[in-house]
Amino acid sequence: MVKFLIADDHPLFREALRAALQTEFNKVVYLESDSFASTIEVIRKNRRLNLILLDLTMPGCENFYGLLRVKQNFPDIPVAVVSANEDIGVISQVLEFGADAYIPKSTPTSDFIHAIKLVLDGESWVPEDVKKKLVEVKSETKEIAQKVKELTPKQFQVLRHIKLGMMNKQIADTLNVTEATVKAHISSIFKSLDVKSRTQILVAIDKLNLD
């Protein structure tokens, strides 16, 4: 049985995408998720997924973390990133980090369906007008991406809050953990990213150009 996972935090978009796809893929079982955590949960319960349609900015997926972790943990499942972001730098990084397709949300339904058919056949897809504009991803960006995907989901949560400028106590209160736990996560982040300060964390993470 063919299964597609639509991973996006906007219910109306999931509903619209599902309706559009059902015009062509009417014998597919459609699964849904709305965050990094729920996406991983659905994948673990459905290891034989045929395709993941992944949004880049769901909760927990920022700075390519969702894509990086999904491709690391489930490398055999094709992933098509579906995003409103049409920045060439972002598209180039998405493809470098393992996505099989980059489908802008502005893509006509006929092209969307064509893209999915190619991915299901083991090929890749990006819009024709994008192909010649793709840029090489810098080695330092690849290196930080490699380090970021090694972070646990809890560590990445802490990283996200550091990026927002929150102090340890604020992070602890937000995540409902002790301040000692936050400090332990930050120490692990320092080690994983090979940095020594919060400022260096921000400099490192900004190399992943998603904002």
Side-chain angles (χ1 to χ4, degrees), residues 1-36 38-58 60-137 142 145 149 208 210:
M1 183 175 292
V2 178
K3 294 182 180 180
F4 290 178
L5 169 58
I6 301 175
D8 192 288
D9 60 329
H10 292 92
L12 286 178
F13 178 76
R14 294 199 305 270
E15 182 180 344
L17 180 54
R18 180 173 181 166
L21 294 180
Q22 284 177 326
T23 62
E24 181 70 26
F25 304 102
N26 55 8
K27 295 182 179 180
V28 168
V29 173
Y30 292 90
L31 305 170
E32 298 183 11
S33 62
D34 60 4
S35 67
F36 173 75
S38 61
T39 296
I40 295 300
E41 182 180 359
V42 172
I43 297 173
R44 285 176 174 162
K45 291 180 179 178
N46 299 271
R47 291 299 183 93
R48 295 186 178 180
L49 281 172
N50 297 87
L51 177 67
I52 300 171
L53 296 160
L54 181 70
D55 179 55
L56 284 177
T57 56
M58 287 186 300
C61 288
E62 300 90 341
N63 294 100
F64 304 103
Y65 184 72
L67 173 62
L68 292 166
R69 285 301 298 268
V70 166
K71 291 304 296 184
Q72 178 186 41
N73 295 348
F74 311 100
D76 296 330
I77 303 177
V79 175
V81 165
V82 182
S83 176
N85 193 324
E86 298 189 28
D87 180 82
I88 295 299
V90 170
I91 297 174
S92 300
Q93 289 181 77
V94 164
L95 298 175
E96 176 65 36
F97 299 154
D100 300 277
Y102 194 99
I103 310 176
K105 289 185 176 179
S106 60
T107 302
T109 299
S110 58
D111 290 344
F112 209 117
I113 290 173
H114 175 63
I116 291 176
K117 287 182 176 179
L118 287 178
V119 172
L120 293 175
D121 286 338
E123 299 183 48
S124 60
W125 187 90
V126 292
E128 283 296 326
D129 62 334
V130 168
K131 286 182 179 179
K132 294 181 180 180
K133 300 177 183 177
L134 294 173
V135 296
E136 183 177 354
V137 178
K142 297 177 187 178
K149 75 179 180 182
L208 295 177
L210 185 53

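All values reported here derive from a predicted model rather than from experimental measurement.
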**Request:** Could you please spell out the steps behind the side chain to side chain contact (heavy atoms under 4.5 Å, CB included) verdict for Asn85 and Tyr102?
**Result:** CA-CA 10 Å; Asn85 193 324; Tyr102 194 99; 3.7 Å; yes
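- We find the CD-CG distance between Glu96 and Leu67 to be 11.0 Å, quoted to the nearest 0.5 Å.
- Note: Ile116 CD1 to Asn50 CG = 11.5 Å, rounded to the nearest 0.5 Å.
- Applying the ring-ring contact (aromatic ring centres under 6.0 Å, His included) rule to pairs touching residues 69-90 yields nothing, sequence neighbours excluded.
- Qualifying ring-ring contact (aromatic ring centres under 6.0 Å, His included) partners for Tyr30, counting only residues two or more places apart in sequence or in other chains: Phe4.
- Here Ser33 pairs with Thr39 under the side chain to side chain donor-acceptor pair (under 3.5 Å) rule; sequence neighbours left out.
- Partners of Thr109 by side-chain contact (heavy atoms from CB on, under 4.5 Å), not counting sequence neighbours, listed by chain and number: Ala20, Ile113.
- A search for side chain to side chain donor-acceptor pair (under 3.5 Å) contacts involving Asp34 returns Ser38, not counting sequence neighbours.
- Atom CG of Leu5 sits about 7.5 Å away from atom CG of Leu53, to the nearest 0.5 Å.
- For residues 5-16, every residue pair satisfying the side-chain hydrogen bond (donor to acceptor under 3.5 Å, both in side chains) rule, not counting sequence neighbours, is listed here: Asp8-His10, Asp8-Lys105, Arg14-Glu32.
- Asn46 pairs by the side chain to side chain donor-acceptor pair (under 3.5 Å) definition with Lys3, not counting sequence neighbours.
- Separating the CD atom in Gln22 from the CG atom in Leu17 is a distance of 10.0 Å, to the nearest 0.5 Å.
- Lys27 is linked by a salt bridge (Lys or Arg N to Asp or Glu O under 4.0 Å) to nothing, counting only residues two or more places apart in sequence or in another chain.
- Considering every non-hydrogen atom in both Ile103 and Ala80, the closest pair reads CD1-CB, 4.1 Å.
- Listed here is the closest heavy atom pair of Asn63 and Leu68: O-CD1, 4.3 Å.
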**Item:** side chain to side chain contact (heavy atoms under 4.5 Å, CB included) evaluation trace for Val28 with Leu21
**Value:** CA-CA 9 Å; Val28 168; Leu21 294 180; over 6 Å; no
Could you tabulate the donor-acceptor pairs under 3.5 Å formed by side-chain atoms of residues 127-137, not counting sequence neighbours?
residue	atom	partner	partner atom	Å
Glu128	OE2	Lys131	NZ	3.0

**Message:** Apply side chain to side chain contact (heavy atoms under 4.5 Å, CB included) to residues Leu49 and Leu31 and explain how you reach the verdict.
**Reply:** CA-CA 9 Å; Leu49 281 172; Leu31 305 170; 3.8 Å; yes
**Asked** Could you walk me through whether Asp55 and Phe13 pass the side chain to side chain contact (heavy atoms under 4.5 Å, CB included) check?
**Response** CA-CA 11 Å; Asp55 179 55; Phe13 178 76; over 6 Å; no
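- With sequence neighbours excluded, the residues satisfying ring-ring contact (aromatic ring centres under 6.0 Å, His included) with Tyr65 are Phe36, Phe156.
- Across every non-hydrogen atom of Gly89 and Asp87, the tightest pair is N-OD2, 2.9 Å.
- Counting only residues at least two apart or on different chains, the salt bridge (charged side-chain N to carboxylate O under 4.0 Å, His left out) pairs with a member in residues 63-86 are Lys71-Asp100.
- Contact of the Leu120 side chain with the Val2 side chain is not registered, since no non-hydrogen atoms from C-beta on lie closer than 4.5 Å.
- Between Val119 and Val79 there is no side-chain heavy-atom pair separated by less than 4.5 Å.
- Legend: side-chain hydrogen bond (donor to acceptor under 3.5 Å, both in side chains) pairs involving residues 111-125, not counting sequence neighbours, sorted by first then second residue: Glu24-Lys117.
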